Amino acid sequence: MDAFTKIAPHYEHLMQGVPYSMWLSYLRLIWTKLEVEPKSVLEVACGTGKLCRMLAADGILVTGVDASAPMIEVAKSIAIDRKLDIKFLVQDAADLNIDEEFDAAISFFDSLNNILDLERFRTALASVCKHLYPGAPFLFDLNTAYAFEKNMFDQSNMKRSEDLRYNWVGKWNAAAKTCTIEMDFWKGSEHFHETHVQRAYSDDEVRQAMSDAGFIRVQLYDAYTLNPPKKTSDRIHVIGIAPDRLRR
């Protein structure tokens with residue numbers, strides 16, 4: 001699969017309109033609700049590290065992991081340029097091997113939807129859990145089946161004035177619960193293509209997977225709220241707490 005390879009050098013530009021500040025505000029709301037003040041954070045599927053940089057600027061020790069080597073290379077380069085001490089590693093969420101435990105873990109922008117197999121999704125959650133101190137929270141978000149059914153991945157910006165133009169078309173497979181997004185990009189005369197595939201997980205599947213992974217006090221929320229998910233939620237946030245040693 002060619003996902004997150006050719007787009008890596010352009011990813012920061014493409015994500016300029018993404019509300020990272022809102023993500024961070026919501027994350028801090030959840031931490032406040034849980035009465036935790038993490039000093040060290042693991043970001044799973046960190047991409048080019050924008051959220052890692054924001055947390056590091058607040059004095060938090062951050063480690064970012066991503067399965068895409070090109071994305072991690074960009075993340076490292078930007079952090080070095082900005083003199084930020086962030087550890088970036090090329091690692092798959094389901095096979096984390098970091099000789100360290102963390103006060104909290106996060107994964108934003110529907111990154112875990114890219115895991116297409118339920119068993120591997122469960123393995124990824126368990127892998128994160130093993131890298132957390134007892135009582136540490138893991139917050140992540142997921143696109144829902146509703147989002148895919150409503151073609152929310154169909155996006156286009158072909159204005160000639162744009163430095164990076166793109167056209168995305170998604171195809172929802174209800175039986176497989178997957179959405180295949182064909183992404184075409186143009187930068188000047190250069191054209192490149194990526195295919196991204198995401199899977200939708202039901203609320204029940206998520207709750208069971210979190211429990212199987214060892215997390216306790218699992219909660220699902222309608223995106224960026226403290227309300228339960230609705231039938232029309234296009235994104236949910238999931239929070240779970242790492243158990244004490246005796247329960248692992």
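Every value quoted in this text rests on a predicted model; they were computed, and no experiment measured them. What you see below is based on every heavy atom in this structure, not just the backbone, and it leaves out hydrogens, waters and symmetry mates.
Shown here is Asp85, whose CG atom has no more than 12 heavy atoms of other residues, nucleotides or ligands within 6.0 Å.
Taking NE2 of His131 as the reference point, atom CD of Glu100 lies at 9.0 Å (rounded to 0.5 Å). In this structure, OG in Ser127 is found 8.0 Å from CD1 in Ile98, a value given to the nearest 0.5 Å. Distance check: Leu112 CG to Asp141 CG gives 8.0 Å after rounding to the nearest 0.5 Å. We find the CG-OG distance between Asp203 and Ser233 to be 8.0 Å, quoted to the nearest 0.5 Å. For the atom pair CG of Asn227 and CG of Leu220, the computed distance is 13.0 Å after rounding to the nearest 0.5 Å. A distance of 11.0 Å separates CG of Leu116 from SG of Cys179, quoted to the nearest 0.5 Å.
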Test log, rule side chain to side chain contact (heavy atoms under 4.5 Å, CB included), inputs Phe109 and Arg235: CA-CA 9 Å; Phe109 214 32; Arg235 183 183 300 273; 4.1 Å; yes

Stepwise side chain to side chain contact (heavy atoms under 4.5 Å, CB included) check, Asp234 with Lys150: CA-CA 9 Å; Asp234 53 36; Lys150 295 300 180 181; over 6 Å; no

Criterion side chain to side chain contact (heavy atoms under 4.5 Å, CB included) on Leu132 and Phe215, from CA distance to verdict: CA-CA 10 Å; Leu132 294 176; Phe215 286 100; 3.9 Å; yes

Stepwise side chain to side chain contact (heavy atoms under 4.5 Å, CB included) test for Val62 and Met54: CA-CA 10 Å; Val62 188; Met54 296 172 74; over 6 Å; no

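Met158 has its side chain out of reach of Tyr166: every pair of non-hydrogen atoms, C-beta onward, lies at least 4.5 Å apart. Side-chain contact check for Trp31 versus Glu37: every heavy-atom pair is 4.5 Å or farther apart. Within the 4.5 Å cutoff, the side chain of Leu24 has heavy atoms near those of the Leu55 side chain. In this structure, Phe140 and Ser111 have side chains that are not in contact, with every pair of non-hydrogen atoms separated by 4.5 Å or more. The shortest side-chain heavy-atom distance between His13 and Lys187 does not fall under the 4.5 Å cut-off. When side chains are defined from C-beta on, Pro243 counts as touching Cys129, because their heavy atoms get closer than 4.5 Å. Put simply, the side chain of Phe138 reaches to within 4.5 Å of the side chain of Leu125, judged on heavy atoms. Side-chain contact between Asp66 and Phe4 is absent, with no heavy-atom pair separated by less than 4.5 Å.
Screening residues 214-231 for salt bridge (Lys or Arg N to Asp or Glu O under 4.0 Å) gives Asp222-Lys230 as the qualifying pairs, with residues at least two apart or on separate chains.
In the hydrophobic cluster analysis, where Ile, Leu, Val, Met, Phe, Trp and Tyr join through side-chain heavy atoms closer than 4.5 angstrom, Tyr224 is grouped apart from Tyr146. Cluster membership for Leu226 and Leu27, using ILVMFWY side-chain heavy atoms within less than 4.5 angstrom, is shared. Ile80 and Leu51 fall into different hydrophobic clusters, where Ile, Leu, Val, Met, Phe, Trp and Tyr residues are linked whenever their side-chain heavy atoms come under 4.5 Å apart, directly or through other members. Taking hydrophobic clusters as Ile, Leu, Val, Met, Phe, Trp and Tyr residues chained together by side-chain heavy-atom distances below 4.5 Å, Phe153 shares a cluster with Trp172. Hydrophobic clustering of Ile, Leu, Val, Met, Phe, Trp and Tyr side chains at less than 4.5 Å, counting indirect connections, unites Val18 with Leu14.
Ring centers of Trp23 and Tyr20: under 6.0 Å apart, within the cut-off. Checked against the 6.0 Å centroid threshold, His10 and Phe185 do not count as a close aromatic pair.
Note that Lys6 lies outside the cation-pi zone of Phe192, set by a 6.0 Å cut-off to the ring centre and a 45° limit from the axis.
A donor-acceptor contact closer than 3.5 angstrom links the side chains of His191 and Asp184. Gln208 and Asp212 share a donor-acceptor pair across their side chains, judged by distance under 3.5 Å alone.
Closest approach of Val44 to Ala93, counting heavy atoms only: CG1-CB, 3.6 Å. A pairwise comparison of heavy atoms in Tyr133 and Asp103 identifies CD1-OD1, 3.4 Å as the closest pair. The shortest heavy-atom contact between Ala104 and Ala136 is N-CB, 4.1 Å. The minimum heavy-atom distance linking Ile239 with Pro137 is given by the pair CD1-CB, 3.8 Å. Taking each heavy atom of Tyr201 and Ile115 in turn, the nearest pair found is OH-O, 2.6 Å. Across every non-hydrogen atom of Arg122 and Ala213, the tightest pair is O-CB, 4.1 Å.
Gln198 meets the side-chain hydrogen bond (donor to acceptor under 3.5 Å, both in side chains) test with Asp110, Asn143; sequence neighbours excluded. Thr178 is linked by a side-chain contact (heavy atoms from CB on, under 4.5 Å) to Asn173, Ala176, Val197, Arg199, counting only residues two or more places apart in sequence or in another chain.
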